[in-house]
Each structure stands twice: as C-alpha cells, then as structure tokens.
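A short write-up of the structure that comes next.
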Amino acid sequence: MNKNGHFGIFGGRYVPETLFSALDDLYKTYIKLKKTPSFRKEFNKLLKDYVGRPTPLTYAKRLSNELGFEVYLKREDLNHTGSHKINNALGQLLVAKHMGKSRIIAETGAGQHGVATATACALFGYECVIYMGSEDVKRQQLNVYRMKLLGATVVSVDAGSKTLKEATTEAIRDWLKNVENTHYIIGSVVGPHPYPSMVREFQSIIGVEAKKQILKERGRLPDGVVACVGGGSNAMGVFSAFVKDVSVKLVAVEGSGLGLDTSEHAAPLSKGRPGILHGALSYLLYSDLGQIELAHSISAGLDYPGVGPELSYLKDEERLTVRAATDETALIGCKWVSQLEGVIPALETSHAFGYLKETKDFKRDDIVILNVSGRGDKDMSTLQNRIELD
Ligand SMILES: *Cc1c(COP(=O)(O)O)cnc(C)c1O
C-alpha cells in the first residue's frame, strides 16, 4: 500500500471533502497508537480476557478422512459474540476513545458487525447507532434483538435493495453530518483509506495465531488457506500472515448465489469490473447499463456488490485463488460439517465448506486451514426453511 492508501490501482479515498480531515485524523491517530506499547497492551488484553483469544486451531479428523487431505479449522466462531467481527470492533473503539469521540455508528448486513459494535459500545459506555437494510432486519431478527438488548439503536434502511449497500450509504450520510463527535466503525476491509489497511491489521491476529499453531502442530506451513469473502476482512485477517509465503495457496470463496452465469450472485472478484463504491476503488458488480448491480446471496454477510481493494489487488497480482460457492453448495457444506465435526458454521462460512467439499484444488496429504469466520446460531431460521431433516 502506498501513502495514499492505494493497492495498485485499487483503494484510495473517493469521498466528499468534508470527510478528508476526519480520515486524516483517523489515519494519524491509528498509526501513532499502533506503535504505542500501552495501546497494544490494552488491545491484546481485551482480545485475551474479553474475546477469549487465542482461538483454537482444530484438526477436522472425519472431514479430512473423507477428503483425503488434512483440514484444520481456525475457530473464529468461538470468539465472544460468535464471529471474527469483534476483533475489529474493539480495535476501532479504542482508536475512537483516543480521538475523543463520544458517539459510534456502524453498518451491518448479517448483524454480526452490528452486534460486535454494540457489544464494544456497551463495554465502554458509548452511544451506538447501527444502520441495517430492512430486508436484513427481517432475515436476521435475532441479531436485531441482540443489538437492542445491548443498548444500541437500530435504524432500518428502506432504500434500494434494502441490504448492506444501502445501510453503508446511510451510515456514511450520518458520518458526514456528525463527524465532529462521531466515529464510524466500518466492519470490513472496505471503504476509504485508512479503513482497508486498519481493519486488516485488527484482523491479522487470526493469521498470526494460525501460522504459529500450524507450525507447532505440524512443523511446516500449510499448502492452502481458505476463507469466505464478503468485504474480505476474515479472509485478509487470516491471509495476511501468509501472503509472502508463496507456496501457500490463498483461496477466496465468494457467494455465487443462484450461479455465476445468472445475475443473482455476490461475486465481484469472479465477475466484477473495477469501479468506485463507498469511497474506494475495487472490483464491483455492474449491470450491462453500467449501474452498480444488486448482489444476491443466501447469507446476508456476503450480500454486497463490492470487495476490499487489497483483495482486488491480490487477485490482479495472481496471488489469490478466486473461487465461488452457490447458495445450494453452502447449504450442503453447512449440513456436511455440522454432522461430520459437530461444528455448525455461519452461512457465510458454509460457502467455504461447500467449496472444500467439491474442490480439486488440493491433493492427497495437503494441509489446509479453513477460517471458520462465525457460528451458525444467527442463521437457524434460514436453515430451518432450507435444509430438510427427517
Ligand atoms: C461479516 C461476516 C462475513 C463476511 O465479512 P468479511 O469482511 O468478508 O469477513 C463472513 N463470515 C461471518 C461469520 C460474518 O459475520
């Protein structure tokens, strides 16, 4: 990344001028804090005593037997609040505190980032407003209630596709109005500089731990690391420790909805073109007329037409192996790992499992780490409607 936040042509800061000084402040504060031992100590203590880190690396024995290669699960589902999102929410809340902000806003899709942000705000006594598309409010009712129980205000956004894209637009609008006292906690490696690199750094603990754990357990690097991709924060979190290890295949699994050949998917790395959305240049979904396309995925956390700029860059550098899994494949993956390993993954993560079940990317005795970005509790009503059990 260069000093303007570009990864190759991607990234940057395409925002109204009103936000420039806020983003500069954020970058400067963050860079300073990152090097401050007391900040690092405070953050690490929270990760240990509150989040429950380090998360385990679990050998998936029955799944490995079936696949013929060896699969380890990095258990972000065991974090407090049930996904990797809490790592970033706490990191950014600490930064906001040091900047003297008193109010926090955030966008959310599946509600996991909203819950993580509401949790961090409760812990530190902050006012918290969460923007969420009205469609997502409907399909993620459990998380909406959790956010409210934690003391947050949830604003239902009724525009456009009524999902994450519009929720993000509304959050940016709020920030423009209230930038003096408000910090916007973006939930993925997207948005204007410095968010993509800052969020990646807060999530990089996933890869740092996983690398240490696999080296201790097996004495060598894995052959592959697999993660699902919405905006890309759990993927960048686990990939970043391995980007320089070129023998390690980094597999990004997007949601291909009803199929890559339809217009109903959420796969900008597979099918998108570079363009600007929410302050940064990245791969995006476009219609034939050049409009930003609505994304479709069974999982609200993948239902976004853009993807992080660094992942866009790694794809163009051919460092990334880009794959996709349909809604149907994700449902199969979910049931498969639930019954083979006793781990019920989030629908987002289920795309990675569905991919793994079908893939020919690995050979016998390869070692593969799959990042279990979250647990499936929030998805029970969707699963009940879609997976028939005797
Ligand atoms: C939010 C979420 C995702 C997608 O977001 P990324 O930024 O791509 O990680 C994936 N899995 C879970 C469990 C989530 O909550």
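As the structure lists them, so they are numbered: ligands from 1, and atoms in each ligand from 1.
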*Going by an N to O cut-off under 4.0 Å, is there a salt bridge joining K162 and D158?*
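Salt bridge: yes.
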
*Taking the six-membered ring of Y283, is the NZ or CZ of K315 close enough (under 6.0 Å from the centre) and on axis enough (within 45°)?*
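Verdict for Y283: a cation-pi partner in K315.
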
*Distance under 6.0 Å and angle within 45° of the ring axis: does K97 meet both against F124?*
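No, K97 and F124 do not form such a contact.
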
Please state which protein non-hydrogen atom is closest to [atom] and give its distance, to 0.1 Å?
atom	answer
atom 6 (P) of ligand 1	S233 N, 3.3 Å
atom 11 (N) of ligand 1	S373 OG, 2.7 Å
atom 10 (C) of ligand 1	E348 CB, 3.4 Å
atom 4 (C) of ligand 1	G301 O, 3.5 Å

*Check the surroundings of atom CZ in R220: do more than 12 heavy atoms from other residues, nucleotides or ligands lie under 6.0 Å from it?*
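It does: R220 CZ has more than 12 such atoms within range.
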
*Does atom CD1 of I344 have more than 12 heavy-atom neighbours, drawn from other residues, nucleotides or ligands, at distances under 6.0 Å?*
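Result for CD1/I344: open.
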
*Which atoms of ligand 1 have any heavy atom of A346 under 4.0 Å away?*
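That gives atoms 13 (C) of ligand 1.
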
*Which atoms from ligand 1 have a heavy atom of G374 less than 4.0 Å away?*
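So the answer, numbered in order with elements, is 13 (C).
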
*Do the rings of F362 and F69 sit parallel, tilted or perpendicular, given the 30° and 60° boundaries?*
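Aromatic pair F362/F69 classed tilted.
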
Would you say [X] and ligand 1 have an N/O pair spaced under 3.5 Å apart?
X	value
G230	yes
S188	yes
G231	yes
H84	yes
G232	yes

*Would you mind finding which of K85, H351, Q112 brings a heavy atom closest to atom 3 (C) of ligand 1?*
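It is K85 that holds the nearest heavy atom.
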
*Measure from the side-chain N and O atoms of N371 to the backbone N and O of A227, and report whether any donor-acceptor pair falls under 3.5 Å.*
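Not at all, since once roles are kept as given, no pair shorter than 3.5 Å links the two residues.
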
*Could a heavy atom of C228 be found less than 4.0 Å from some atom of ligand 1?*
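In this structure, C228 qualifies as a contact of ligand 1 - some heavy atom is under 4.0 Å.
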
*Sole residue of F202, Y195, F43 in ring-ring contact (aromatic ring centres under 6.0 Å, His included) with Y30*: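 Of all the options given, the one that passes is F202.
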
*Minimum heavy-atom distance between A120 and L90, given as atom pair plus value*: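 Heavy-atom minimum between the residues: CB-CD2, 3.8 Å.
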
